[in-house]
2 protein chains.
Amino acid sequence: MGIPERQVSSTASSRIYDTLRQDLINGRFTAGEKVAISALKERYAIGLSPLREALNRLAAHGLLIQENQRGFRVPSLERSELDDIAEMRRELEGMALERAIRLGDAEWESELLAAAHRLKRADMAPDKVEEWEHFHACFHRTLVAPCGSAWLLRFIAQLHDQFDRYRRMAPEAPEVRRVLDAQHGELVELALERDIKSARALMDDHIQRSYQVALQGVLSSA
Amino acid sequence: MGIPERQVSSTASSRIYDTLRQDLINGRFTAGEKVAISALKERYAIGLSPLREALNRLAAHGLLIQENQRGFRVPSLERSELDDIAEMRRELEGMALERAIRLGDAEWESELLAAAHRLKRADMAPDKVEEWEHFHACFHRTLVAPCGSAWLLRFIAQLHDQFDRYRRMAPEAPEVRRVLDAQHGELVELALERDIKSARALMDDHIQRSYQVALQGVLSSA
DNA sequence: TAATTAATAATAATCGATTGTTTCGGCTAG
DNA sequence: CTAGCCGAAACAATCGATTATTATTAATTA
């Protein structure tokens, strides 16, 4: 009753894919280590076939490295790669934000306000981090959603996954965190005012600061 | 010999992946149709497991659409999607070309000249199209190769796959083809002269013309 | 001793069979 | 007629076992 929901059915493949994706982003695997497939099989209590299908997908997304006849490895964390990812985020999210501000309608404004509010209210306490991360990802996705390009959004999502691998590895930086949180609100304001130039500049600064935080993770573990 | 050879071993998975990728790009599957897995199994004489792993990878790359419990479908060809892909190509390849011209060294210049020459000499006769396509892809890859961003190159490669699905569906246009071929040579000249502005403009025009050609494929089949 | 090869263990990849879900055609009730 | 409900057939997903390849260790030789 109620909603005639589609998408009720999932598969073991896609469930383990989601789980592994989260665990990879959250750094629950040591960077650079080889993935022991049969160990995963036990750890997640899943069959080999769906597991291997998920690993193949993750490799295609760049969250794993696949080498013929020798399985999968977790990509190592390299400063040069973080630089690349951050730089691409600046370029692509800047582009997307500009377009979103041009194309976004009233409905977008509402959803953006809602997403920002959810994020602001979310707690960052250790046991609530997952929830905060969810709202944070949602906010950034909503911000650029009406950019008009499915491919641009796809690339940005991929870059976020990569970036978060680094960010979550980094030590906390409360004072930067406060600035970043404030910027979320400011981004909404500028978006509503349709101030493209300032919004892009702020987004650039936002990513740059996040980058600085994430960088500590690479530097400390190197 | 200097280089220790790599990639000697392949797997059934990656072989069928390469084959299917080519066949999808070449339009050997009807756009929008459901993929009959067991039919592919026969057609390519391959087991279910490697086949499914390949399909999962292709879906992650955007060359197939995966729906839980109902297998895989070949994406349909939509004008709006072609517009998106072409626009993204303009943005990303323009960006990459600019950086490549800034960063490319003498070795790059040599490889670029070589790639352009191979392409020029390649025959476009029906039975040699595969070879021409190979050299064409190589040329464009070489052109932007030293841009310094692995992620940018990855995105561009993905867009090329998508774009080519449309282009190869389109009817031949010999007079546009001549212009496009000439532009390859001009792109090399401008790159060697390090004329960033003109090179970007020409690349933009090149993609725009290719887009016009590819568009005929969508319009005629619609 | 160091290098090379042979034997063995570990594990990645693949196969064949089974299970579970969706689709489709006919049937029935309203 | 038409909407809804079986049951059968088709097909996607998954499992358990097997094969092929790589990694490790021991043995052998220069």
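Lettering of chains follows the sequences in order, A, B, ..., and the numbering in each one begins at 1.
Residues passing the salt bridge (Lys or Arg N to Asp or Glu O under 4.0 Å) test with R73(B), sequence neighbours excluded: E67(B). A search for salt bridge (Lys or Arg N to Asp or Glu O under 4.0 Å) contacts involving R15(B) returns nothing, not counting sequence neighbours. Scanning for salt bridge (Lys or Arg N to Asp or Glu O under 4.0 Å) contacts around E130(B) gives R168(B), with sequence neighbours left out. Residues passing the salt bridge (Lys or Arg N to Asp or Glu O under 4.0 Å) test with D181(A) are R177(A), sequence neighbours excluded.
Nucleotide dT22(D) holds its P atom 16 Å from the CZ atom of R73(A), rounded to whole Å. For F72(B) and dT22(C), the CZ to P distance is 16 Å, given to the nearest whole Å. The separation between I16(B) atom CD1 and dT14(C) atom P is 11 Å, rounded to whole Å. The CD atom of Q66(B) sits 12 Å away from the P atom of dA12(D) (whole-angstrom rounding). In this structure, Q69(A) places its CD atom 8 Å from C1' of dT22(D), rounding to the nearest Å. Taking atom CZ on R70(A) and atom P on dT22(D), their separation rounds to 6 Å, with Å as the unit. Counting to the nearest Å, the P atom of dG20(C) and the CG atom of N68(B) are 17 Å from each other.
Note on residues 87-102 of chain B: pairs passing salt bridge (charged side-chain N to carboxylate O under 4.0 Å, His left out), not counting sequence neighbours, are E87(A)-R99(B), E91(A)-R99(B), R99(A)-E87(B), R99(A)-E91(B), E87(B)-R90(B), R89(B)-E93(B), E98(B)-R102(B), E98(B)-R200(B). Pairs passing the ring-ring contact (aromatic ring centres under 6.0 Å, His included) check and including a residue from residues 52-108 of chain A, sequence neighbours excluded, do not occur. Residue pairs meeting the salt bridge (charged side-chain N to carboxylate O under 4.0 Å, His left out) criterion with at least one member in residues 103-115 of chain B, sequence neighbours excluded: E109(B)-R194(B). The stretch residues 43-59 of chain A participates, sequence neighbours left out, in these salt bridge (charged side-chain N to carboxylate O under 4.0 Å, His left out) pairs: R52(A)-E53(B), E53(A)-R52(B). Applying the salt bridge (charged side-chain N to carboxylate O under 4.0 Å, His left out) test to pairs two or more places apart or on separate chains, those with a residue in residues 152-167 of chain B are R21(B)-D161(B), E133(B)-R167(B), D164(B)-R167(B).
Applying the 4.0 Å criterion to OP1 and OP2 of dA12(D), one finds that T11(A) has every side-chain N and O outside that range.
Taking NE2 from H206(B) and CG from L97(B), the interatomic distance works out to 11.0 Å, rounded to the nearest 0.5 Å.
The backbone N or O of G94(A) sits nowhere less than 3.5 Å from a side-chain atom of D204(A) that would complete a donor-acceptor pair.
The stretch residues 31-53 of chain B touches DNA chain D through K34(B), V35(B), I37(B), R52(B), each having a heavy atom within less than 4.0 Å of the strand. Remark: nothing in residues 55-65 of chain B comes within less than 4.0 Å of DNA chain C through any heavy atom.
Each end of the helix from dT1(C)-dA30(D) to dG30(C)-dC1(D) yields a helix axis from five base pairs, and these two axes differ in direction by 10° (to the nearest 10 degrees).
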